[in-house]
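Please read the structure below before turning to the comments.
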Amino acid sequence: MVESSRCGGTALRNLSGDKGIILVVDDEASIRRILQTRLEMIGYSVVTAIAIRFDF
């Protein structure tokens with residue numbers, strides 16, 4: 001699942017960060033939000049994804 005405030009939760013489009021694009025993957029929504037906010041503040045476009053744990 002890919003989610004992003006810039007992508008509207010769909011395909012990657014119109015990402016225009018000055019420094020590039022970073023994919024943030026974590027199972028904690030708060031961690032994804034913090035990293036996304038901080039990275040966008042310094043000029044990166046950010047796409048976030050949920051990490052899923054499988055414990056067998």
Side-chain angles (χ1 to χ4, degrees):
M1 171 181 254
V2 174
E3 61 186 4
S4 174
S5 60
R6 290 189 178 196
C7 293
T10 59
L12 303 178
R13 61 182 182 272
N14 298 325
L15 294 173
S16 59
D18 295 336
K19 294 185 177 184
I21 302 170
I22 294 179
L23 172 63
V24 173
V25 180
D26 199 282
D27 59 335
E28 296 282 338
S30 59
I31 300 297
R32 290 191 310 271
R33 280 192 304 271
I34 291 167
L35 289 171
Q36 180 177 7
T37 300
R38 298 296 181 171
L39 289 166
E40 287 175 344
M41 288 174 62
I42 58 173
Y44 289 97
S45 291
V46 178
V47 176
T48 61
I50 298 171
I52 300 173
R53 292 183 184 169
F54 293 99
D55 295 325
F56 295 100

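- Under the 4.5 Å side-chain heavy-atom criterion for grouping Ile, Leu, Val, Met, Phe, Trp and Tyr, Val25 is not connected to Ile34 through any hydrophobic cluster.
- Both Ile42 and Ile22 belong to a single network of hydrophobic side chains, linked directly or stepwise wherever heavy atoms of I, L, V, M, F, W or Y lie under 4.5 Å apart.
- Atoms CD1 and CD, on Ile31 and Gln36 in that order, are 13.0 Å from each other to the nearest 0.5 Å.
- At least one side-chain heavy atom of Arg32 sits under 4.5 Å from a side-chain heavy atom of Ile50.
- Between Ile21 and Val47 the shortest side-chain heavy-atom distance falls below 4.5 Å.
- Here the CZ-CD distance, from Arg33 to Glu28, works out to 10.0 Å after rounding to the nearest 0.5 Å.
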